[in-house]
Engineer: 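To start, I am sharing the structure in question, which I have written as structure tokens.
Positions are given from 1, in the same order as the sequence printed here.
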Amino acid sequence: MSATPSPAGRSRLAASLETLNPEQRRAVEQTDGPVLILAGAGSGKTRVLTHKIAFLTERRGVPGRDILAMTFTKKAAEEMRTRIRELTGGEDGIWIGTFHSVFARILRTEAPLVGYHRDFVIYDKEDQERLVKQLIEKLGHSAKQVPPRMVASLISRSKNGLVSPQEFRSSNPGPMNAVTAEVFEEYQAALVANQAFDYDDLITVPIRLFREHPSVLEKYRRRFRYILVDEYQDTNRAQYRLVVDLSLGHRNLCVVGDDDQSIYGWRGADIRNILDFEQDFPETAVFRLEQNYRSTGNILKAAGSVVDKNLRRKAKTLWSAREAGEKVDVIEVEDEREEARRVVECIRDEVFRNKRNFRDFAVLYRTNAQSRAVEDGLRRAGISYVIVGGVRFYERKEIKDVLAYLKVITNPRDDLSLRRIVNFPIRGIGDTTLQKISAWAAERNLGLFESLGRVEEIPDIPGRAGKNMRAFHELIRKYAALKDEISAGELVHAVVDEIGLIAMFKDDTTPEGRGRIENLREFLNAAHEYTQTAEDATLSGFLEQIALITDIDRADLNSSAVTLMTVHCAKGLEFPVVAVVGLEDGLFPLIRDADGADDLEEERRLFYVALTRAKEKVILLHGRNRYVFNSRSGRIPSRFLDELDGSAVNVVREEPKRQVKRWSRFQDGDGNGYGYGTGESGFGRPRSPWDSDDFDDSPRPGAGRSGGRRPAHSPFQHGTRVGHEEYGRGTVLSVEGEGPRQTCLVRFDDGVEKKFLLRFARLERIQ
């Protein structure tokens, strides 16, 4: 616990309060009762939240231990903690953390009340899917016919919606759901047997704890008299329930969020939590933070003009005291290769013209699969890049193997982790031997680890395998006894050394083998760092920290490299220059005809998030063609491009160019990067993407972009016979839409059906 803040700390707070704008200051000083702070993108919400906590402790005399502050990433929690220290000189017992870390901490204390030991382990997504796969096969089903990932996703969504296995079974008819219900019940029983919680349990189990033990709920209500929640629009119904339960009585609940940035509905986030907050707490004081400190005027105008089309939102208009800045470039290209080339071209131009560093650029996309073409383009140009959200460090096989050892040392009941390592390194313990041991253990109601310690009692176990199992059992027992006597860092080093993992990979001279050694050494560094920084550096705490880490927490955004990531990963970040690729209907927005208005509104909010990551420049790219499901097809520009305010947009059409590859000196502001460049530069001739000899000059009704045009007529109708140079002859089935978005569905004589964007279809009438 930190010392009482000094007078110098108080003076820092006083000076800092003077820098807040009037609405921020009012939001900070409203300390009692429910408070809703609607904080638009880049409006200084973290600044307001941290000042509010400092104001509570310094000006209102609230003890730090009475305050609970929750957010969604470890990185955000650390930033909050750092800022509070700067304002007050200490944290003074304040609980600051992610939802999952806060309630994991509560469960460590209260675990016996829900049938768990305090040394429980936390299963990540891969662990969850492995356990689900085992149970699917145990129940006699095929993992190919019943995909474990799909079942795990249904279980997770049900938990976040507070739906029990029994409720799921009764309310979800159909064969697939029947299997899922069966697996769901077995899965929950297996978690208890393994003394493990999954990620969702860290939220749902405390709800059960509070319901079944009201005195425990009352204890934490008295403890946390002031509760502050960041990114409230991202909460699901289970998190909402916990927040409301803890705040009833004192009702000192402050939530900060932006309904326009609610983009996680697919994983259970419920926008109703923020939209209906004033109904839940009628006496709520509402503050709107609308001054944006991040982006230029044109970026805000463009982003606002799109999200304003949503019906389910609270009215607010972002504004900036900054200059209007460059207009948003909307660039039409031929395909994903040209799209990548244009991204490279933009980076080159900005580096040379404005002396930018590679770290100033982010390339955002809707799905991870889109990164390949961009990566190829950057590699050819010699530009360094980093991908956020690829294969996570802690999900690499060699790291998962070490983690499995540590989990079993912490909790020998964890059969899932035990099965992973019992024959790694190889000990001659095959599947048949393990099945015999499992059957023997089940007959005696024993755990798998306990049975390994009695292997001499199990019949038909080969002598060498039995000897190795006994040695493995003793190794785990030895470190289980040491885990409370030595630091987590020391224990991790000792385990890796004793099982000989680094020595094992030294014989592998391939890049993959060297990479595994580097990963293991980095893991050892992480254990050492944890030991140096954690207040109570236990092995359980180290494993918990790893289980709750996110992609953004691991990302190094300070290296001299272009950042590639999905828009979802980019939330909360900012970059001077942002390029968004793949802006085509069916890709962004990523919706189907069956999806409803709510899905479209979430996609629109996602587009708004993408634009508002940029400080100074935005480039939006879409292709006329793209490879989708291994076939090349015509694409329709994203409907969101039509919704942009035309006065904030510069439309550019890519002209066909002959590529001349030549060696060129290509460096960013720090002198990084040499490679091949292209023989042309610039963005081509600015013109409307709708320019064509068949287009008239009449204004396009409702077009958000300047220079919009539409076809004078369509040469095709239902029944028209057509020819295509690639697909042959066929018959038009339907023509939909109008103007440049008009499409034509053709069934070719070989039975293949294709939908074309008419302006690029290259179809000929043959009758």
Side-chain angles (χ1 to χ4, degrees), residues 33-39 45 49 67-73 76-77 95-107 155-164 167-168 197-214 216-218 220-221 223-287 312-314 548 571 598 601-602 605:
V35 175
L36 170 62
I37 302 175
L38 294 170
K45 67 177 180 61
L49 202 56
I67 299 172
L68 169 63
M70 293 184 288
T71 186
F72 278 85
T73 67
W95 272 34
I96 303 173
T98 65
F99 266 91
H100 293 86
S101 67
V102 164
F103 289 102
R105 184 175 176 181
I106 289 175
L107 285 174
I155 291 173
S156 177
R157 182 172 285 270
S158 298
K159 286 188 174 187
N160 286 324
L162 301 178
V163 176
S164 68
E167 291 168 331
F168 181 90
F197 289 124
D198 66 20
Y199 200 60
D200 304 309
D201 287 331
L202 300 179
I203 302 299
T204 58
V205 173
I207 292 175
R208 174 163 62 89
L209 168 70
F210 292 159
R211 184 180 65 244
E212 295 175 355
H213 302 276
V216 176
L217 172 59
E218 187 59 32
Y220 288 103
R221 279 180 180 168
R223 169 69 192 268
F224 302 125
R225 295 193 300 114
Y226 289 87
I227 300 174
L228 302 96
V229 182
D230 191 15
E231 303 287 7
Y232 190 65
Q233 77 282 345
D234 293 337
T235 54
N236 58 35
R237 295 309 280 181
Q239 290 160 334
Y240 160 86
R241 174 77 173 272
L242 281 174
V243 168
V244 171
D245 281 352
L246 284 173
S247 61
L248 287 180
H250 56 70
R251 300 176 76 82
N252 294 326
L253 172 63
C254 173
V255 301
V256 183
D258 181 8
D259 51 302
D260 287 337
Q261 296 186 74
S262 179
I263 59 173
Y264 295 112
W266 52 276
R267 71 180 187 195
D270 195 331
I271 195 173
R272 292 177 300 171
N273 294 349
I274 191 167
L275 293 179
D276 298 344
F277 187 82
E278 294 162 86
Q279 296 179 27
D280 297 331
F281 298 89
E283 72 275 33
T284 295
V286 181
F287 301 91
R312 299 181 70 203
R313 69 184 294 262
K314 290 182 176 290
L548 301 181
K571 186 169 172 292
D598 289 349
E601 290 208 352
E602 179 155 322
R605 293 192 293 269

Engineer: Could you work out, with salt bridge (Lys or Arg N to Asp or Glu O under 4.0 Å) as the rule, every residue matching Glu601, not counting sequence neighbours?
Structural biologist: none
Engineer: Taking salt bridge (Lys or Arg N to Asp or Glu O under 4.0 Å) as the test, write out the residues that go with Arg223, two or more places apart.
Structural biologist: none
Engineer: Tell me, please, which residues at least two apart from Asp280 pass salt bridge (Lys or Arg N to Asp or Glu O under 4.0 Å).
Structural biologist: none
Engineer: Which pairs count as ring-ring contact (aromatic ring centres under 6.0 Å, His included) when at least one residue sits in residues 228-248, sequence neighbours excluded?
Structural biologist: Tyr232-Phe277
Engineer: Keeping His100 on the side-chain end and Leu202 on the backbone end, is there a donor-acceptor pair under 3.5 Å?
Structural biologist: no
Engineer: With sequence neighbours left out, write down each residue that passes side-chain contact (heavy atoms from CB on, under 4.5 Å) with Thr71, or none if nothing qualifies.
Structural biologist: Ala76, Ala77, Met80, Asp230, Glu231
Engineer: Could you list the residues that satisfy side-chain contact (heavy atoms from CB on, under 4.5 Å) with Arg313, not counting sequence neighbours?
Structural biologist: Asp259, Asp260, Val307, Asp308, Asn310, Lys316
Engineer: Report the residues that fulfil side-chain contact (heavy atoms from CB on, under 4.5 Å) with Asn160, sequence neighbours left out, ordered by chain and then residue number.
Structural biologist: Ser156, Asp200, Asn236
Engineer: Listed by chain and number, what are the side-chain contact (heavy atoms from CB on, under 4.5 Å) partners of Glu602, not counting sequence neighbours?
Structural biologist: Trp266, Arg605
Engineer: My understanding is that only residues two or more places apart in sequence, or in another chain, count here; which of them pass salt bridge (Lys or Arg N to Asp or Glu O under 4.0 Å) with Asp276?
Structural biologist: none
Engineer: Who passes ring-ring contact (aromatic ring centres under 6.0 Å, His included) against Phe197, sequence neighbours left out?
Structural biologist: Tyr116, Phe120
Engineer: For Phe168, what residues pass the ring-ring contact (aromatic ring centres under 6.0 Å, His included) criterion, not counting sequence neighbours?
Structural biologist: none
Engineer: Sequence neighbours left out, what passes side chain to side chain donor-acceptor pair (under 3.5 Å) with Glu167? Give chain and number order.
Structural biologist: Ser164
